[in-house]
Amino acid sequence: SDLSVSASYKNERERRMLMLNKFKNMVEELRATVTKKIESTIKDDELDAKMLLRMISEISRERETEVNQWEKYSKEMAATVALKRARTVELQNESGHRVYLLAE
């Protein structure tokens with residue numbers, strides 16, 4: 001039982017690390033996109049201020065959407081973990097009760 005809990009914890013930790021790495025990659029891609037968009041608008045060291053503001057607004061909206069999606073995913077994962085923990089407790093109680101009944 002302790003081994004399955006330990007393995008379950010390791011699996012959950014691995015999933016969280018994968019999620020964190022995906023998020024880091026998304027942030028890096030976003031940074032690269034911003035840099036690329038800014039560099040593509042530079043002409044003879046002059047920037048069109050309105051275009052730059054539009055790009056920043058667009059990128060900010062995209063970032064906000066991404067962050068909201070990750071927050072939603074994080075809440076869903078936390079709820080799943082809580083349900084699995086509760087189910088684990090139920091199963092432990094049930095197995096303890098069955099062992100008690102068998103011992104009688």
If the condition is side chain to side chain donor-acceptor pair (under 3.5 Å), which residues does [X] pass it with, not counting sequence neighbours?
X	value
Arg63	none
Gln69	none
Arg98	Glu94

* To do: Could you name each residue pair satisfying salt bridge (charged side-chain N to carboxylate O under 4.0 Å, His left out) that touches residues 71-89, not counting sequence neighbours?
  =>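 Of all non-adjacent pairs touching residues 71-89, those that pass salt bridge (charged side-chain N to carboxylate O under 4.0 Å, His left out) are Arg87-Glu90.
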* Asked: Which residue pairs pass the salt bridge (charged side-chain N to carboxylate O under 4.0 Å, His left out) test with at least one member in residues 14-32, sequence neighbours excluded?
  ->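 As it turns out, the salt bridge (charged side-chain N to carboxylate O under 4.0 Å, His left out) pairs with a partner in residues 14-32, which skip direct neighbours, are Glu12-Arg15, Glu12-Arg16, Glu28-Arg31.
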* Any chain of hydrophobic side-chain contacts (each under 4.5 Å) joining Val27 to Val67? -> no
* To do: Please check if Val81 and Tyr73 belong to a single hydrophobic cluster, counting links between Ile, Leu, Val, Met, Phe, Trp and Tyr side chain heavy atoms closer than 4.5 Å.
  =>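 The answer is no; the residues belong to distinct hydrophobic clusters.
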Nearest-0.5 Å distance, [atom1] of residue [X] to [atom2] of residue [Y]:
X	Y	atom1	atom2	value
Leu53	Glu58	CG	CD	13.0 Å
Leu30	Thr35	CG	OG1	9.0 Å
Leu20	Trp70	CG	CH2	8.5 Å

* To do: Tell me, please, which residues at least two apart from Glu66 pass salt bridge (Lys or Arg N to Asp or Glu O under 4.0 Å).
  =>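 By the salt bridge (Lys or Arg N to Asp or Glu O under 4.0 Å) rule, Glu66 matches no residue at all.
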